[in-house]
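Here is the structure we will look at.
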Amino acid sequence: MAAELPPTELIAKHRPTLDQALEAIRTRAYWSPHPEHPKAYGEHGSLDMAAGKAAFDGLLGTRLDLGQPGTDDWVDGEVSPYGIELGVSYPHADLDVLLPAMRAGQRAWRDAGAEVRAVVCLEILKRISDRTHEFAHAVMHTSGQAFMMAFQAGGPHAQDRGLEAVAYAYAEQVRTPGTAEWSKPQGKREPLALAKTFTPVPRGIGLVIGCNTFPTWNGYPGLFASLATGNAVLVKPHPRAVLPLALTVSVARDVLREAGFDANLVALAAERPGEGIAKTLATRPEIRIIDYTGSTSFGDWLEANARQAQVYTEKAGVNTVIVHSTDDYRGMLSNLAFSLSLYSGQMCTTPQNLLIPRDGIDTDQGPKTFDEVTADLARAVDGLLGDDARANALLGAIVNPDVKARLEAAAGLGEVALASREVANSEFPGAVVRTPVIVKLDGAKPDAEAAYMSECFGPVSFAVAVDSVTDAVELLRRTVREKGAMTVGAYTTDAEVERSVEEVCLEEAAQLSLNLTGGVYVNQTAAFSDFHGSGGNPAANAALCDGAFVANRFRVVEVRRQA
């Protein structure tokens, strides 16, 4: 049967976007083809706000049949952090049937070439973009993100990251020419002549192990990097966040089928409660690439045990901000308050440790003591979240009981500068919503070190008193080297202090933000321009996205023929 979406049609439709993405990763300038505002959707076949909500509501209590081979059961059980049961059931796979079926289509997918694979991926992303409102509700009710964050981070920003991965994958694959005529002079004799072909070939099946908090944002880079480089992709969602990735798999399978490829190049591996299939999958010989976001313990296990696979991990880290001095005290406090509050601190990029000299800091409002800085920051957070409607829009819901338990235990670790409070959500009474807690610790006391040198994922931050900015810089170095960091921030008006912080981040491979006082925050990154993680410290062994993230997902095989 002829493809409904022939390659020439897809190339004509998506090649301009691919070229713009390639230019964006070259220049690192701002660019995004996916609108951030909800009102931008609803034309040209896109679902508007009402239609997207209706589409999501229509999924509740249904069976999402993907038409995968080897389905031996149906699994469900997702409950929204906002207190509603989703009731969606998903196919459970017999891996001995599904994995061979996934490999069957790889030859045709390999032979299609880098450009065709890229534009097929872009068609998948376009179809997802057209359903951004529907996906936003799916992300909201599996991650606990507030709607606007779920819309932006789970929609256009995630789609940007997927497209960025496709652009890097394409660039790396075409770096080597497809053919070459090789001729070596031999003096008076005839030259030696060979005709050579170079073909990017996939490693095998890629496994994406999804996370609970950012199922699409963290899932799309690995999914599209592997698919664009010729690999089949098996998506294993977090048991509490299946729906967004199941919808993604559904869209991908439709596009692949319409483009004339085997739909089984992308499949879903949902699991029964407590089944824990990630370890089983990760060590299967068919799995040759693994993308994982989650705990350090399981990330370390994957790196040690999934020896047959190329493993990309994003694990835990202890993100640190040095507060030395500022020429915009009010702007600094406002920026930090937002960074600590966004999505209840349930981001791998949220600051945890604020290192502040115990003798205080210099500001445009005069000297401020350690206690004044922490008290003023507490007031800034209180002011930001004082209105319950605004608080709900920023905080979202606590994603799971473990985060709530850590939040409640944190108050016993030191002097509380800002106590957490419960926020009522009138629309979703079952939601667990809490404001951040800020705890003061003395960096010189050994008993405090156990707290600030461990990741406390969630709305928990430590204001750590240090003897000097020199001590702060050295503590930053030790923290990044031993525990890793996805983000580092610093506030200083001293050029020498700025240079010393920057040098630590260069030596320890940590992404640094300096003196942010406006509408850009340390825990946010922009696709095509910012690198998420570096791959150079214990928090992550890869960056989203760069050439290294995609280049080892394929190998180039050469065939030489006598000319």
Side-chain angles (χ1 to χ4, degrees), residues 37-38 49-50 52-61 77-88 132-155 211-217 238-244 337-347 350 378-411 418-438 456-461 521 523-524:
H37 199 285
M49 191 175 299
K53 177 64 164 60
F56 169 76
D57 289 341
L59 291 167
L60 302 182
E78 282 169 298
V79 177
S80 167
Y82 288 94
I84 64 173
E85 291 189 14
L86 302 189
V88 184
T132 290
H133 277 286
E134 178 186 1
F135 272 74
H137 286 285
V139 171
M140 173 183 176
H141 284 289
T142 51
S143 71
Q145 295 175 32
F147 176 77
M148 185 54 73
M149 183 174 185
F151 178 89
Q152 293 184 337
C211 67
N212 195 174
T213 48
F214 288 89
T216 55
W217 198 99
H238 191 283
R240 288 192 292 262
V242 182
L243 185 56
F338 188 92
S339 297
L340 299 182
S341 302
L342 185 62
Y343 184 32
S344 300
Q346 298 170 127
M347 305 172 68
T350 300
R379 278 191 288 271
V381 174
D382 258 346
L384 179 67
L385 304 176
D387 175 75
D388 280 1
R390 180 177 174 84
N392 276 296
L394 286 175
L395 294 170
I398 298 298
V399 70
N400 63 53
D402 291 342
V403 174
K404 182 172 178 286
R406 282 193 293 270
L407 169 63
E408 292 171 347
L418 175 66
S420 176
R421 71 177 180 89
E422 184 175 350
V423 179
N425 188 314
S426 58
E427 185 178 2
F428 299 104
V432 177
V433 185
R434 298 288 189 275
T435 61
V437 63
I438 300 176
C456 193
F457 185 77
V460 177
S461 292
Y521 304 95
N523 44 349
Q524 296 175 320

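- Of all heavy-atom pairs spanning Ala397 and Pro81, the tightest one is CB-O, 3.8 Å.
- Residues satisfying the side chain to side chain donor-acceptor pair (under 3.5 Å) test with Arg406, not counting sequence neighbours, are none.
- Ser80 meets the side chain to side chain donor-acceptor pair (under 3.5 Å) test with His141; sequence neighbours excluded.
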Show every donor-acceptor pair shorter than 3.5 Å between a side-chain atom in residues 424-433 and any protein atom, with sequence neighbours excluded, or say none if there are none.
residue: Asn425; atom: OD1; partner: Glu427; partner atom: N; Å: 3.0
residue: Asn425; atom: OD1; partner: Phe428; partner atom: N; Å: 2.9
residue: Asn425; atom: ND2; partner: Asn392; partner atom: OD1; Å: 3.2

Practice item. Decide yes or no on side chain to side chain contact (heavy atoms under 4.5 Å, CB included) for Met149 and Met347, but give the supporting numbers first. Key: CA-CA 12 Å; Met149 183 174 185; Met347 305 172 68; 3.8 Å; yes
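- Rounded to the nearest 0.5 angstrom, Asn400 CG and Gln346 CD are separated by 7.5 Å.
- Distance check: Ile438 CD1 to Ser420 OG gives 11.0 Å after rounding to the nearest 0.5 Å.
- Evaluation of the side chain to side chain donor-acceptor pair (under 3.5 Å) rule for Glu85 yields no partner, not counting sequence neighbours.
- Once rounded to the nearest 0.5 Å, the distance linking CZ of Arg240 with OG of Ser143 reads 12.0 Å.
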Point to revise | Residues Phe56, Leu86; criterion side chain to side chain contact (heavy atoms under 4.5 Å, CB included); working and verdict | key: CA-CA 10 Å; Phe56 169 76; Leu86 302 189; 4.2 Å; yes
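- Across Phe338, Phe214, Phe147, Trp217, a single residue satisfies ring-ring contact (aromatic ring centres under 6.0 Å, His included) together with Tyr343, and that is Phe214.
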Point to revise | Arg434 vs Glu422, side chain to side chain contact (heavy atoms under 4.5 Å, CB included): CA-CA, chis, key distance, verdict | key: CA-CA 5 Å; Arg434 298 288 189 275; Glu422 184 175 350; 3.1 Å; yes
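- Between the OG atom of Ser344 and the CG atom of Leu385 there is a distance of 9.0 Å, given to the nearest 0.5 Å.
- For Phe151, the ring-ring contact (aromatic ring centres under 6.0 Å, His included) partners two or more places apart in sequence, or in a different chain, are Tyr41, His133.
- Remark: Thr435 pairs with no residue by the side chain to side chain donor-acceptor pair (under 3.5 Å) rule, at least two apart or across chains.
- Screening Val399, Leu395, Val139 for a side chain to side chain contact (heavy atoms under 4.5 Å, CB included) involving Gln145 leaves a single residue, Val139.
- Between the CE atom in Met148 and the CE atom in Met140 there is a gap of 11.0 Å [rounded to 0.5 Å].
- The two atoms that bring Ala410 and Val437 nearest to each other are CB-CG1, 4.1 Å, heavy atoms only.
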